[in-house]
Structures are given as C-alpha cells and as structure tokens.
Novice: 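Provided herewith is a single structure, encoded as structure tokens, for subsequent inquiry.
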Amino acid sequence: MSDITAAVDEVAASTLLANAQSLLGTQSVSDSGSLGPFNASWGASAFFSGGSIDLVPPDIVRITDCDLNYSLNLTVSFDLSSIIPDFCLPRVCIPTPFGRLCTPRICIDWPSVSIPISFSDVVRFTADFRFNVFLNSSSQWQVDAVIVGIPFLQLTPAATAILAAIGLAAAAILAPIPFIGPLLAGAVLLITATIGVAALTGWLGALLTPFVSGLSFTVYKQPQLFPVLPAAGPFDPAVNINLDNVAVAVDGSGGEDELVLTVDISA
Amino acid sequence: MDTLDSRTLSYVDCFARRFAQPGTVKYQITSASVRCSLHDEDAYAIEVRERRGSGKEGTQHDVTVGVKGGHFTVEPAKLSIEAGDVVMWHASGSSVPGFIVSGQDGDTRFTSASLEAESLYTHAFGVPGTYEWSDVGRSDIGGRVVVKDLDTKSKEDCEKWMRSLTEGALVTIKGRAEPQEVEVLTGQTVFFAVVDAPGITITDRRVQAD
C-alpha cells in the first residue's frame with residue numbers, strides 16, 4: 001500500500017498536455033541536401049497544439065488529434081539545362097535592301113534557377129505515450145510521458161500542395177527567361193514530375209517525423225525531500241519527508257480512467 | 001529578360017553594315033557597359049576590294065565576337081571583301097558581354113550604337129509582349145513589335161513553332177520605320193534595315209524609362 005496516492009482524470013490530464021505543449025514551444029530545423037535530382041535548402045519550424053487525452057489502462061496515455069503546425073521555407077535550385085534540351089534558333093534569312101541576309105544559328109544557354117517556396121500546413125496525428133519515472137540530477141522525482149513508436153503522418157496531401165506550389169513558382173520564375181515561352185508548360189511539368197509526389201512525401205516525412213518521434217513532456221516533478229513543516233525556531237527544526245519511490249499508472253477500476261500517482265515516503 | 005536596345009549588342013543581336021567603297025576599314029569591339037575604354041582595344045581590319053563584275057548582289061561575311069582574357073576577340077580577325085558586300089557581327093554565345101562595333105570607313109565613322117545608312121540591326125525576341133521602340137536621339141523614328149506567345153501543347157505544335165523560327169520580319173527605316181508595326185512569334189527575329197537615318201537607336205521605351 002502506498003503512502004500517498006493522487007489521481008487526475010482525462011480532463012485534468014488534457015490541461016497537463018496543453019501546459020506541456022506550451023513549454024515545448026516552437027522548434028526549428030534547417031538543412032540542405034537534394035530533392036530528387038535538384039539541390040535544395042530548407043528551414044522548418046513546428047509547434048504542437050490541440051489534442052485530447054485518452055487514458056488507456058494499464059500505462060498508456062493516448063493523445064488523440066494532436067496538431068503538428070509547421071512552416072516550411074524551401075529553395076529548390078537546379079541548372080535548367082538539366083531538364084530542358086539544348087535549344088538553338090536556326091539561321092533566319094530574309095531579303096533586305098542590302099541583299100539577302102542571314103542571322104547565324106544562335107544556341108541558347110539555359111540559366112541556373114532557384115525556386116523559393118513558403119508553405120505552412122497542419123498535420124494531425126494520434127500517438128501513444130508511456131511513463132518514464134526517474135530521479136533526475138537535481139534530486140527530483142520526474143515523471144515524463146514519452147512517445148511510443150513513431151506515429152504515421154499523413155503527408156501526401158501536403159506533398160501534393162507543395163508540388164503544386166513549386167509548379168506555380170517555377171512558372172513565374174521561368175516565364176521571363178527568353179525563348180522558354182513555348183517550352184514553359186513542358187518545363188514546369190518536367191520539374192514537378194522529376195520531383196514527384198512520392199519523393200516529396202518521403203522527404204517531408206524525413207523532415208517532420210523527428211519533430212514528433214522524440215516527443216516527450218514532463219507530467220510531474222517533485223523534489224525527493226518534501227517539506228512538511230518549516231523551521232519555527234532554533235529548537236524546532238523543519239520537518240521533511242523523503243519520497244522513496246514514485247510510480248504512475250492508468251487505473252480504470254473505479255469506472256473512470258484516471259492517471260494515478262503513488263508515492264512511498266519515509267521520515 | 002529580353003532587352004531590345006541596339007546600343008548594346010547581345011548574343012541574340014546582330015549588327016551588319018554594307019561597305020560600298022574600296023579601301024581599308026578599321027574597326028574595334030568595345031564594351032557597351034564601360035563608357036571609358038580601359039584597354040587599347042585591338043583595331044581589326046577589313047580590306048574592301050574593287051567589285052569584280054556588276055549587277056551581282058553583295059556577299060554576306062560573318063564575324064564572330066568572343067571574349068578571352070578580358071578582351072574581345074573576333075573571328076576572322078582579317079577579312080577581305082568586295083565593295084558592296086555586307087559584314088555581320090554577332091556574339092559567339094551568351095557569355096559574351098554587351099558590345100559595340102565601331103570603326104572608320106573612309107571618311108565615315110560608323111558605330112552599332114548609332115545606326116546610319118547602310119547598316120542593319122537584328123534582334124531575336126525571346127519574351128512575348130509589345131515592344132514600343134524609338135530612337136533615344138532627336139529623331140521621332142519609332143515603331144512597335146508585337147511578340148505573340150504560343151502554347152505548344154503537342155509535338156506538332158512544337159515542330160510548327162520550330163519551323164516558324166526560320167522566318168523573320170523586316171522593318172525598313174528610311175526617314176521613318178516601315179511598317180510601323182510588325183507581329184512575330186516568340187523566338188522570331190526582326191531585321192531593322194537602316195537605309196536613311198541620321199544615326200538612330202532602336203531602343204525599347206521601357207529601357208529608356210529606366
């Protein structure tokens with residue numbers, strides 16, 4: 001039998017979740033690499049919001065419909081000549097007042113281009129957490145909820161939207177390039193097809209999953225030495241008790257699932 | 001970006017001049033962006049011989065302008081032509097910075113930056129739109145080039161467009177531009193032949209406004 005027992009219901013646990021999300025704040029990551037055959041650099045920031053707690057005996061805290069809100073700044077760079085074939089204007093000959101004159105064959109060097117994309121979206125997920133109870137380096141009992149496994153992020157709609165955004169931005173950036181006009185639609189199609197929804201979904205997953213995969217938040221923190229009465233004088237010292245052990249479980253035996261904290265103490 | 005401005009010859013432009021009198025023509029290629037010459041640019045020579053036979057149309061000779069070691073180069077460096085022949089200068093590629101051809105033909109100075117009689121300027125239009133052009137000098141010579149976009153949805157469309165690129169439009173300038181307006185497709189070339197003008201430029205009004 002434990003010396004102290006405390007319990008919180010699912011509503012109270014959801015408040016704990018909101019506090020934990022607030023403490024986590026916005027996280028950021030930036031990197032560069034390749035996106036299909038193209039060079040890419042990106043920065044992403046994300047924060048969590050929403051979700052409700054579902055307590056599942058004996059030891060699972062399920063966070064349902066939690067939102068991962070993310071913003072993405074992506075720049076895709078590539079040499080246009082890698083996707084558009086070499087193109088030369090043929091000789092043009094016409095009669096002029098100075099006789100029949102011909103321009104030379106003019107070959108077009110396609111430039112390198114950078115396509116910047118800004119994209120924000122929300123991806124909703126459900127994840128299971130288990131408790132990790134330990135005495136931390138500050139001699140405090142700490143109870144963390146730690147994510148179990150990696151939740152599946154449904155990213156195909158976002159990838160499709162990003163690809164459409166890349167297509168639009170590419171069309172706007174390529175349009176002023178001389179001689180590309182009649183080839184523009186094909187070029188944009190080639191760019192989006194070369195990247196592809198599947199590859200973009202995989203890339204987005206690799207970018208966003210780390211925000212979620214290591215997710216943990218502190219549910220409870222308490223110094224091991226618990227003050228019961230403060231000192232009242234030189235001959236009346238403070239009274240403290242020692243928290244010897246802390247355990248957390250989900251208990252559904254009372255009809256309602258509750259998060260139960262049990263503590264063993266000694267004087 | 002497609003800039004119509006005969007004062008600066010780019011890789012989509014050509015400048016040509018007919019040399020009517022026998023003699024030696026000296027010319028230089030200079031940068032269009034550097035007003036003060038930083039180097040003593042090499043002067044190239046064109047030997048203009050008496051014309052053999054009459055009634056025969058002049059021959060066109062091409063000179064390719066390149067850049068090497070920070071200097072403009074021309075190929076061929078020496079040219080021998082007959083009176084009445086036309087020499088056409090053009091850049092070897094897009095890496096060649098904007099340039100000007102200028103020289104001395106007998107008593108007459110000529111320059112691509114100011115087109116006079118017997119000279120021709122061509123421009124391949126790469127971006128659709130309406131190009132209102134005029135002379136940046138005192139003349140009121142001007143005109144309009146309408147460059148139409150086209151949607152190449154099929155292979156046939158592409159082939160049709162490619163075939164159309166061998167066609168060009170001619171604007172003859174003889175006191176005024178004739179016709180005043182020409183319509184071409186993206187990628188097509190307009191030839192501006194100056195038969196009689198006081199030394200003009202063919203410059204997009206948007207460039208002049210900048």
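Every chain is numbered from 1, with letters handed out A, B, ... down the list of sequences. Worth knowing before you read on, the calculation uses all heavy atoms, side chains too, and leaves out hydrogens, waters and symmetry mates.
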Novice: Which answer fits B:Val194, side chain, backbone, both or neither, if we ask what part of it has an atom under 4.5 Å from a heavy atom of chain A?
Specialist: backbone
Novice: Please indicate whether A:Asp31 has more than 12 foreign heavy atoms, meaning atoms of other residues, nucleotides or ligands, lying under 6.0 Å from its CG.
Specialist: yes
Novice: Is B:Glu50 atom CD crowded by more than 12 heavy atoms from other residues, nucleotides or ligands, each under 6.0 Å away?
Specialist: no
Novice: Output the distance between atom NE2 (B:His90) and atom CD1 (A:Ile106), rounded to the nearest 0.5 Å.
Specialist: 8.0 Å
Novice: So, for A:Arg100 and B:Glu57, which heavy atoms are closest and what is the spacing to 0.1 Å?
Specialist: N-OE1, 3.4 Å
Novice: Is B:Ser119 close to chain A through its backbone or its side chain, or both, or neither, when contacts mean heavy atoms under 4.5 Å?
Specialist: backbone
Novice: When rounded to the nearest 0.5 angstrom, what distance separates CG in B:Leu165 from CZ in A:Arg105?
Specialist: 12.0 Å
Novice: Top residue by heavy-atom pair count (under 4.5 Å) with chain A, among B:Ser95, B:Pro128, B:Ala124?
Specialist: B:Ala124
Novice: Report which part of A:Cys102 has an atom under 4.5 Å of a heavy atom belonging to chain B: side chain, backbone, both, or neither.
Specialist: both
Novice: How close do A:Leu89 and B:Gly187 get, heavy atom to heavy atom, and via which atoms?
Specialist: CD2-O, 3.5 Å
Novice: Rounded to the nearest 0.5 Å, what separates atom CD1 in A:Ile94 from atom CG in B:Leu170?
Specialist: 4.5 Å
Novice: Between atom CH2 of B:Trp161 and atom CG of A:Leu183, what is the distance when rounded to the nearest 0.5 Å?
Specialist: 4.5 Å
Novice: Between atom CG of A:Leu101 and atom CZ of B:Phe191, what is the distance when rounded to the nearest 0.5 Å?
Specialist: 7.0 Å
Novice: Within the 4.5 Å heavy-atom criterion, are B:Tyr11 and A:Ile108 side-chain neighbours or not?
Specialist: yes
Novice: What heavy-atom pair brings A:Thr103 and B:Met88 nearest, and what distance separates the two atoms?
Specialist: CA-SD, 4.0 Å
Novice: Checking heavy atoms, do the side chain of B:Thr189, its backbone, both or neither come under 4.5 Å from chain A?
Specialist: side chain
Novice: On a heavy-atom basis, which atom in B:Leu150 and which in A:Pro182 lie closest, and how many Å separate them?
Specialist: CD2-CG, 3.5 Å
Novice: Which atoms of B:Ser94 are under 4.5 Å from chain A, going by heavy atoms: the side chain, the backbone, both sets, or neither?
Specialist: both
Novice: Among A:Ala175, A:Pro104, A:Gly181, A:Gly99, which residue forms the greatest number of heavy-atom pairs with chain B at distances under 4.5 Å?
Specialist: A:Pro104
Novice: Against chain A, work out which of B:Gly168, B:Gly58, B:Ala169 has the most heavy-atom pairs shorter than 4.5 Å and name it.
Specialist: B:Gly168
Novice: For B:Ala91, which atoms come within 4.5 Å of any heavy atom of chain A: side chain, backbone, both, or neither?
Specialist: neither
Novice: How about CG on B:Leu185, more than 12 heavy atoms from neighbouring residues, nucleotides or ligands closer than 6.0 Å, or not?
Specialist: yes
Novice: Measuring heavy-atom distances to chain A, does B:Gln188 have an atom under 4.5 Å in its side chain, in its backbone, in both, or in neither?
Specialist: neither
Novice: To the nearest 0.5 Å, what is the distance between CZ on A:Phe98 and CD on B:Gln60?
Specialist: 12.5 Å
